[in-house]
A.B. asks: 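The structure that follows is given in the form of structure tokens.
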Amino acid sequence: FKWLPAFAFIVLTVLQRYLTHFIHLAAHRVGPPGFLHGVFPSGGSERTVVFFGLIAYFLWREFSGRRVTAIWAGAAVTALAFNEGYSRWYLGMHWTTDVLSGWFYGFLLLALFILATRVIMGPARTPDEFRAGDPEAARLGQPAVTPRAEPANQ
């Protein structure tokens, strides 16, 4: 399943582009002064949540599987999404509800893609599976070190 992350990003790119465009057409509303075309929901806020969230999920799934790492990855994605949404609002490009709905919409798409990944690939590896049975490394939270074979004395 090494092809799944690339495939997920291709599908996500196409899906979010057309869904966001459809929402802009269906829920057309006037934006702030200077940005009078449809701005609901904030596509930039949505894309930040869904793309960085999916990148963080795939990296966490591949390299860690630990709860603490997931919390830090989620915090980083939240900070990036807040920065994007706040800048859109501060610059007057979107109303507050546009940004909030962009975050919510992005979270829904992210949850959908994470769920689909879990259905196809199964749950992420546990930290114990990363350590390959080294109890001391598991206790200390370190990666396992496999012993090297000693060369035979000749």
Side-chain angles (χ1 to χ4, degrees), residues 1-29 31-32 35-91 93-135 137-138 140-146:
F1 292 109
K2 293 292 184 184
W3 52 268
L4 186 63
F7 182 72
F9 277 103
I10 291 169
V11 171
L12 177 62
T13 301
V14 172
L15 181 69
Q16 75 84 28
R17 173 72 179 134
Y18 286 108
L19 279 176
T20 304
H21 182 69
F22 176 74
I23 293 171
H24 282 186
L25 293 176
H28 182 75
R29 70 182 210 185
F35 297 93
L36 301 178
H37 60 289
V39 294
F40 177 83
S42 170
S45 299
E46 172 262 326
R47 280 187 298 277
T48 302
V49 169
V50 75
F51 283 111
F52 285 112
L54 200 57
I55 289 169
Y57 175 73
F58 281 131
L59 288 174
W60 169 80
R61 181 181 174 86
E62 183 66 26
F63 296 111
S64 174
R66 296 178 59 211
R67 180 179 220 87
V68 169
T69 310
I71 291 170
W72 279 105
V77 171
T78 301
L80 288 169
F82 177 79
N83 184 42
E84 174 68 17
Y86 180 76
S87 69
R88 298 286 177 158
W89 173 80
Y90 181 79
L91 293 173
M93 298 173 71
H94 288 284
W95 300 114
T96 304
T97 53
D98 298 339
V99 173
L100 294 174
S101 62
W103 287 336
F104 181 71
Y105 170 51
F107 176 75
L108 289 178
L109 278 177
L110 178 62
L112 175 72
F113 274 79
I114 288 175
L115 180 65
T117 300
R118 287 183 57 102
V119 166
I120 293 170
M121 297 177 73
R125 293 186 293 173
T126 64
D128 292 334
E129 292 171 340
F130 283 102
R131 291 188 218 17
D134 185 356
L140 298 173
Q142 300 170 347
V145 177
T146 56

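In this chain, residues are counted from 1 in sequence order. In this text, all values refer to a predicted model and were calculated from it rather than measured experimentally.
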A.B. asks: What's the shortest heavy-atom distance between A73 and A56, and which atoms?
C.D. replies: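 It is CB-CB, 4.0 Å.
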A.B. asks: Okay, side chain of T20, backbone of R17: is any donor-acceptor separation there less than 3.5 Å?
C.D. replies: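 No, because the side chain of T20 does not come within donor-acceptor range (under 3.5 Å) of the backbone of R17.
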A.B. asks: Rounded to the nearest 0.5 Å, how far apart are CG of L110 and CD of E46?
C.D. replies: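 It is 10.5 Å, given to the nearest 0.5 Å.
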A.B. asks: What orientation do Y57 and W60 show, parallel under 30°, tilted 30 to 60°, or perpendicular over 60°?
C.D. replies: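 Ring orientation, 0 to 90° scale: tilted.
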A.B. asks: Please round to the nearest 0.5 Å and tell me the distance separating atom CG of L100 and atom NE2 of H94.
C.D. replies: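 Answer for the CG-NE2 pair, L100 versus H94, is 12.0 Å.
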A.B. asks: Considering non-hydrogen atoms only, spot the tightest contact between W103 and A81 and give its length.
C.D. replies: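 Heavy atoms only, the tightest pair is NE1-O, 3.0 Å.
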A.B. asks: Heavy atoms, side chains only, cut-off 4.5 Å: are F51 and T13 in contact?
C.D. replies: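 Side chain of F51 against side chain of T13, heavy atoms only: contact under 4.5 Å found.
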A.B. asks: Please tell me if the side chains of L15 and L109 come closer than 4.5 Å, counting only heavy atoms from C-beta onward.
C.D. replies: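 The answer is yes; the side chains approach within 4.5 Å.
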A.B. asks: Between atom CZ of R61 and atom CD1 of I114, what is the distance when rounded to the nearest 0.5 Å?
C.D. replies: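 One finds 10.0 Å between CZ of R61 and CD1 of I114.
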A.B. asks: List the atom of F107, the atom of V49, and the distance in Å for their closest heavy-atom pair.
C.D. replies: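 Closest heavy-atom pair between F107 and V49: N-CG1, 3.6 Å.
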A.B. asks: How many angstroms lie between atom OG1 of T117 and atom CZ of F7, to the nearest 0.5 angstrom?
C.D. replies: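 Result: 11.0 Å between the selected atoms.
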A.B. asks: When rounded to the nearest 0.5 angstrom, what is the spacing between OG1 in T48 and CZ in F82?
C.D. replies: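 Atom-to-atom, T48:OG1 and F82:CZ are 13.0 Å apart.
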A.B. asks: What are the two closest heavy atoms between V77 and F52, and how far apart are they?
C.D. replies: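 What the structure gives for the nearest pair is CG2-O, 3.6 Å.
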A.B. asks: Are Y86 and V99 packed together at the side-chain level, in the sense that at least one heavy-atom pair is separated by less than 4.5 angstrom?
C.D. replies: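 Not touching, per the 4.5 Å side-chain cut-off.
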A.B. asks: Could you measure the distance from the OG1 atom of T97 to the CZ atom of F104? Nearest 0.5 Å is fine.
C.D. replies: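 Reported value, rounded in 0.5 Å steps: 14.0 Å.
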